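Just so we're on the same page: letters track the sequence lines, and every chain starts at 1. Everything numeric here is computed off the predicted structure, so don't read it as measured data.
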Amino acid sequence: MRLALTGGIVMEKVRVRFAPSPTGKLHIGGARTALFNWLLARSTGGTFVLRIEDTDVERSTQASVDQIISSLKWLGLDWDEGPEIGGEYGPYFQSERLHLYEDKAQELIDKGKAYLCYCTPEELEAKREEARRTGRPPRYDGHCRNLSEEECARLAAEGRQAVIRLKVPETGETVVDDLIRGRVVFQNSILDDFIIIKSNGMPTYNYACVVDDHAMRLTHIIRAEEHLSNTPRQVLLYQALGYELPQFAHVPMILAPDRSKLSKRHGATSVEEFRDQGYLQEAIINYLALLGWSPEGTDEIMPLEDIVKQFSLERVSKNAAIYDTKKLTWINGYYLRNLPGERVVQETLPFLKRLGLIGEEPGEDELRLAHDSVLLTRDRAKTLEELADAVSYFFKDGFDYDEKGVQKHFSDPAAADRLCQARARLEALADFTYESIESEYRQLAEELGIKAAQLIHPTRLALSGRTIGPGLFELMALLGREKCLKRLERAIDFIGQRTVE
RNA sequence: GGCCCUAUCGUCUAGCGGUCUAGGACGCCGCCCUCUCACGGCGGAAACUGGGGUUCGAGUCCCCAUAGGGCUACCA
């Protein structure tokens, strides 16, 4: 068995899990939790398990399951056990493990550690309301804790559906030893007899989680801090069931820019949305790793392999982080200009299709132009979406001219004439290459007694409609002589039109 | 309300009693490079929440206050 050093304790092979509930898309907080689990597994030669917590029949959907799985795959967070691939400790959907929860619950009842409760949600809500009104903590009062069999039978005969509650000790304390937060102590007296099996027969989160984490032989429970307060309940369950405790590590939460919990109204928060906006998998992973964890050195741009090598829970911070799209965007730009060109081209294709710049089944010419234009322009874009837009003029002729550019470069009375001369020179050029175009342009500028820039800027505007973009001569060489001439003519007409008005 | 966690530049963070006149990154500002825009290079502004302790010495340890977050569901 492989040994792994974690938290200074030598232990058996690491087994960790990501256990999302399929009630929506995978948001960046969940993705980060998944990443940290994955990183611990990969950095220690351990096992990463994916488990779907679909015990909320009201909110769980198959679409969410598919969504989360596809996002994880896209991020490259592959699991060793879980949906689609199975594993030794399956099934990996909690809805398929109900018998296990029932068996264990029965065991707890038999041992006198849990009991049936017949209070209805309405009755409980009324009591809670009452407690709130009188300023008392809204705890379950143990109403059904000592029901006799006759009473149970009577209540059942009334048609009441029972839930199962855990008997929580009224005194003493429960300790959570957390790898990130240290020792956290909770007084049992503030906990109440919480429900472990709902009246519809489904287990609650705190309960199913414990049964499965144990059954799946997990060694480390890495999850968001929102679960820290639930952990004493789970520890109590571990004890009641006679299970050995795993190591807990509660990672800080990721907050929206307004410091509140992430939600839809904060714009893009799901992995899928970031992907649609043109963020690369590598960038999101790199950014997420930096949110709550920090490498020892000063390099922040790091490929996954390096993060895996360096990752440790000891360097995970304790404070909640606000995610900052600006930095993500910067990282994305870095990957855009440093990843293998072919890769960037492939990633840009869907965005070009979306803009209708190339067909759904692009032909050879389209692909070649996409390839060349993307490589020529990628240094200047931060996202794939931006990149696709930035190369759009290579694919279509009828673009508008940038308004400020027109003011600046097309209002000079000599502009049309200069473009005209440039056009003539280009037409006469022996070969239409980057070098020949440049030397011709510079020569023309000299002959006209103007700076090359005075020729270059109007030309760029004429050819692309923009004032920004790649080097003009490279742009022209790629566009080709024919299109250059046509677009120059169009611009000359445009300027003429303008001066008439 | 009760309980729990957290607190360093706008943001992410380094810092694990003296090396901190607090380091890095993003963003911002300026300069350089330059056909524009990016990239790149150089430089700059920018933080230890407040108050008590402990200590020869505190960003670093303790307490209180304050602030933010979480939990307190038949959600996870």
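A ring-centre distance under 6.0 Å is found for A/Y401 and A/F494.
Checked by atom type and distance alone, the side chain of A/D389 never pairs as donor or acceptor with a backbone atom of A/E385 at under 3.5 Å.
A salt bridge links A/E225 to A/R181: at least one charged side-chain nitrogen sits closer than 4.0 Å to a carboxylate oxygen. Between A/E282 and A/R343, at least one side-chain N (NZ, or NE/NH1/NH2) sits under 4.0 Å from a carboxylate O, which counts as a salt bridge. Between A/E125 and A/R132 there is a salt bridge, since at least one side-chain N of the basic residue sits less than 4.0 Å from a carboxylate O of the acidic one.
Nucleotide B/rC33 has no partner under the Watson-Crick or G-U criteria, as no pair reaches both atom distances under 3.5 Å. Pairing partner, B/rG68: B/rC5, with both Watson-Crick or wobble hydrogen-bond distances short of 3.5 Å. Pair assignment for B/rC26: B/rG10, on the basis of Watson-Crick or G-U wobble contacts that are both within less than 3.5 Å. Nucleotide B/rA73: unpaired (no Watson-Crick or G-U wobble partner with both distances less than 3.5 Å).
In this pair, A/F311 and A/W293 present their aromatic rings tilted. The plane angle is within the 30 to 60° band.
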Pairwise N/O distances under 3.5 Å, protein to nucleotides 71-76 of chain B:
from	atom 1	to	atom 2	distance (Å)
B/rC71	OP1	A/K261	NZ	3.3
B/rA73	OP2	A/P138	O	3.2
B/rC74	O2	A/S199	N	2.8
B/rC74	O2	A/S199	OG	2.7
B/rC74	N3	A/S199	OG	2.9
B/rC74	N4	A/C119	O	3.2
B/rC75	OP2	A/K198	NZ	2.7
B/rC75	O2'	A/D56	OD2	2.7
B/rC75	O2'	A/R59	NH2	3.0
B/rC75	O2	A/R59	NH2	3.2
B/rA76	OP1	A/T55	OG1	2.6
B/rA76	OP1	A/K198	NZ	2.9
B/rA76	OP2	A/Y205	N	3.0
B/rA76	O3'	A/E53	OE1	2.8
B/rA76	O2'	A/S21	OG	3.3
B/rA76	N6	A/N230	ND2	2.7
B/rA76	N1	A/N230	ND2	3.4

Please enumerate all protein N or O atoms sitting under 3.5 Å from an N or O of nucleotides 20-23 of chain B, with distances to 0.1 Å.
none

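Residue contacts for A/G292: at a heavy-atom cut-off of 4.0 Å it reaches the sugar-phosphate backbone alone, with no base atom in range.
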Nucleotide by nucleotide, 5' to 3', does protein get under 4.0 Å of the base (B), only the sugar-phosphate (S), or neither (-) in nucleotides 32-44 of chain B, counting heavy atoms? ---BBBSSS----
B/S/- along nucleotides 5-11 of chain B (protein heavy atoms under 4.0 Å) is BSSS--S
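With sequence neighbours excluded, the residues satisfying salt bridge (charged side-chain N to carboxylate O under 4.0 Å, His left out) with A/K327 are A/E300. In this structure, A/R315 has no side-chain hydrogen bond (donor to acceptor under 3.5 Å, both in side chains) partners at least two apart in sequence or on a different chain.
Crowding of A/R145 atom CZ: a count of heavy atoms from other residues, nucleotides or ligands under 6.0 Å exceeding 12.
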